[in-house]
Amino acid sequence: MKITLEPAGLSEVEVIIRGDPADPEVANLLKLLGNKTSPRLIVHREDEQFVLDTAQIVFLETADNRVLVHTASDTFESRQKLYELMGQL
């Protein structure tokens with residue numbers, strides 16, 4: 001694993017993780033980052049992976065054997081089952 005810290009005058013910390021989303025090391029990093037802040041959820045849209053603050057979630061739905069996570073402006077897909085998400089929220 002390579003770690004690079006770039007000083008920047010940002011109003012909030014930005015973390016970019018480059019790697020295979022299926023890699024257990026990437027999943028562990030995302031889990032660790034999520035545990036240090038307010039509750040977060042790992043969601044997907046197309047080939048991208050996002051860490052979503054659970055406070056942004058408006059509603060969840062299931063459609064075509066998928067769990068969709070809706071925010072005010074976007075829709076994401078979760079790879080977790082609906083009952084697993086409900087246990088986290």
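This one's a predicted model, so the numbers in the text were calculated from it and none came from an experiment. Only this structure's heavy atoms are used, side chains among them; waters, hydrogens and symmetry mates stay out.
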Point to revise | Ile42 CD1 to Leu30 CG distance, which is reported to the nearest 0.5 Å | key: 4.5 Å
Point to revise | Inter-residue atom distance Arg79.CZ - Gln49.CD, 0.5 Å rounding | key: 6.5 Å
Point to revise | ILVMFWY cluster membership beyond Val58 - transitive side-chain contacts under 4.5 angstrom | key: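 Listed partners: Phe59.
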Please name all residues satisfying side-chain contact (heavy atoms from CB on, under 4.5 Å) with [X], sequence neighbours left out, ordered by chain then number.
X	result
Thr71	Leu52, Gln56, Ser73, Asp74, Phe76
Val13	Val15
Glu84	Gln80, Lys81
Glu46	none

Review point. Just wondering, are more than 12 heavy atoms of other shown residues or ligands nearer than 6.0 Å to CZ in Arg45?
Key: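 Check passes, neighbour count above 12.
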Point to revise | Set of side chain to side chain donor-acceptor pair (under 3.5 Å) partners for Glu25, sequence neighbours left out | key: none
**Study point:** Pairwise side-chain contact, Leu60 with Met86, heavy-atom cut-off 4.5 Å (strictly under)
**Key:** yes
Review point. Would you call Leu41 and Val69 a side-chain contact if the rule is heavy atoms closer than 4.5 Å?
Key: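 SC-SC contact between Leu41 and Val69 confirmed.
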Review point. Would you say Asp53's side chain and Ala55's backbone share a donor-acceptor pair under 3.5 angstrom?
Key: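 Checked: pair present.
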Point to revise | Contact summary for Ala63 and Leu68, nearest pair of heavy atoms | key: CB-CD1, 4.2 Å
